[in-house]
Amino acid sequence: LNSKDEHNALARYSVSWPEGRTIDVEFPVTGFFQANLRALPAWLTTIGSFFDLTGIESPRVLEFFSGFGFISRMQTLVRPMSTLAMDILSKHQMQQVRFSENNREIEAAFAENYRTVDLFLPERISESLIAEIVAFQPQILLINPPRAGLLPATWQKFRETALKNFNGP
């Protein structure tokens, strides 16, 4: 790492979830992903239980701080859902990410519904993105921020615009 070609290097994790399946995830080493592989199955199951509690079939999920979409992509393995996701990764980084099972690629549509935006700079959240969120009409918010958390100014901007009528989980 730390070479001119590190953007071409991929990391690979194998995740034993859902029950009885092993999903391989490949992503650029320049894309941050920190995981406790032993805890992931329980964590994903717990997140899934929150989806189940909503009673919404095929929910429309708005995902802030999605990274490369690990949570929502894994959840689509056990429930149908539409996702609009955003974070700071570039489209190119997103297109390098691969989820596979038994050496067969699965769920490749995530990048199409991913938007690059720095959620720590609310002044750069565009009106077109706000309009897209309004049109998407999310039913569930999935927020997985880094340690710095979701800035109050960012949350306020979304609540006053794109999410002013949102009343879901």
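We're numbering straight along the sequence, starting at 1. What you are looking at is a predicted structure, and each value in this text was computed from that prediction instead of being measured.
Note: the hydrophobic cluster containing L129 does not contain V61 (ILVMFWY, side chain heavy atoms under 4.5 Å, direct or indirect links). Clustering ILVMFWY residues whenever any of their side-chain heavy atoms sit less than 4.5 angstrom apart, transitively, puts L121 in a cluster other than the one holding L150. Criterion: ILVMFWY side-chain heavy atoms under 4.5 Å apart, direct or through other members. Under it, L141 and I56 are not part of a common hydrophobic cluster. When the side chains of ILVMFWY residues are joined at heavy-atom separations under 4.5 Å, either directly or via intervening members, M94 and Y13 end up in a single hydrophobic cluster. Under the 4.5 Å side-chain heavy-atom criterion for Ile, Leu, Val, Met, Phe, Trp and Tyr, L142 and I125 are members of distinct hydrophobic clusters.
Checking side-chain atoms of T54 against main-chain N and O of F51 turns up a donor-acceptor pair under 3.5 Å. Between the S100 side chain and the N103 main chain, no donor and acceptor come within less than 3.5 Å of each other. Of the possible polar contacts, none joining the N113 side chain to the L84 backbone as a donor-acceptor pair under 3.5 Å is found. With hydrogens and angles ignored, the 3.5 Å screen pairs no side-chain donor or acceptor of E160 with any backbone N or O of K157.
Checked against the 6.0 Å centroid criterion, the rings of F120 and F65 qualify as a close aromatic pair. Remark: aromatic rings of F68 and Y114 are distant, center separation not under 6.0 Å.
Side-chain contact check for F110 versus S72: some heavy-atom pair is nearer than 4.5 Å. Within the 4.5 Å cutoff, no side-chain heavy atoms of I88 are placed close to those of Q93. Annotation: side chain of S16 is not in contact with side chain of R21 (no heavy-atom distance under 4.5 Å). At least one side-chain heavy atom of L62 sits less than 4.5 Å from a side-chain heavy atom of M86. Within the 4.5 Å cutoff, the side chain of M74 has heavy atoms near those of the I23 side chain. The shortest distance between side-chain heavy atoms of S126 and V117 does not fall below 4.5 Å. A 4.5 Å side-chain heavy-atom check between I143 and E63 finds every atom pair outside the cut-off. Residues L77 and I106 have side chains in contact (heavy-atom distance under 4.5 Å, counting atoms from C-beta outward).
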- Task: Test V15 against T22 for side-chain contact (heavy atoms from CB on, under 4.5 Å), laying out the working first.
- Result: CA-CA 5 Å; V15 182; T22 299; over 6 Å; no
- Message: Run N144 and I71 through side-chain contact (heavy atoms from CB on, under 4.5 Å) and show every step you take.
- Response: CA-CA 9 Å; N144 186 23; I71 298 171; 3.4 Å; yes
- Report the C-alpha separation of R73 and V97 in whole Å, then their side-chain angles, then the decisive distance to 0.1 Å, and conclude whether the side-chain contact (heavy atoms from CB on, under 4.5 Å) test is met. CA-CA 11 Å; R73 288 170 119 165; V97 176; 3.2 Å; yes
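Each ring-ring contact (aromatic ring centres under 6.0 Å, His included) pair with one or both residues in residues 123-169, not counting sequence neighbours, appears once here: F64-F158. Legend: side-chain hydrogen bond (donor to acceptor under 3.5 Å, both in side chains) pairs involving residues 74-85, not counting sequence neighbours, sorted by first then second residue: D52-R79, Q75-R79.
In terms of heavy atoms, A162 sits closest to V134 at CA-CG2, 3.6 Å. Between L119 and T154, the shortest heavy-atom distance links the atoms O-OG1, 2.6 Å. Counting all heavy atoms, side chain and backbone alike, D87 lies closest to G67 at OD2-N, 2.7 Å. Listed here is the closest heavy atom pair of A111 and K91: O-NZ, 2.6 Å.
The environment of CD in E57 is sparse: at most 12 heavy-atom neighbours from other residues, nucleotides or ligands sit within 6.0 Å.
The salt bridge (charged side-chain N to carboxylate O under 4.0 Å, His left out) search around R12 returns D24, E26, not counting sequence neighbours. Evaluation of the salt bridge (charged side-chain N to carboxylate O under 4.0 Å, His left out) rule for R60 yields no partner, not counting sequence neighbours. When the salt bridge (charged side-chain N to carboxylate O under 4.0 Å, His left out) test is applied to R159, no partner is found at least two apart in sequence or on another chain.
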Listing, residues 41-48 side-chain donor-acceptor contacts under 3.5 Å, not counting sequence neighbours, or none:
| residue | atom | partner | partner atom | Å |
| --- | --- | --- | --- | --- |
| T45 | OG1 | W17 | NE1 | 2.8 |
| T45 | OG1 | P41 | O | 2.9 |
| T46 | OG1 | A42 | O | 2.9 |

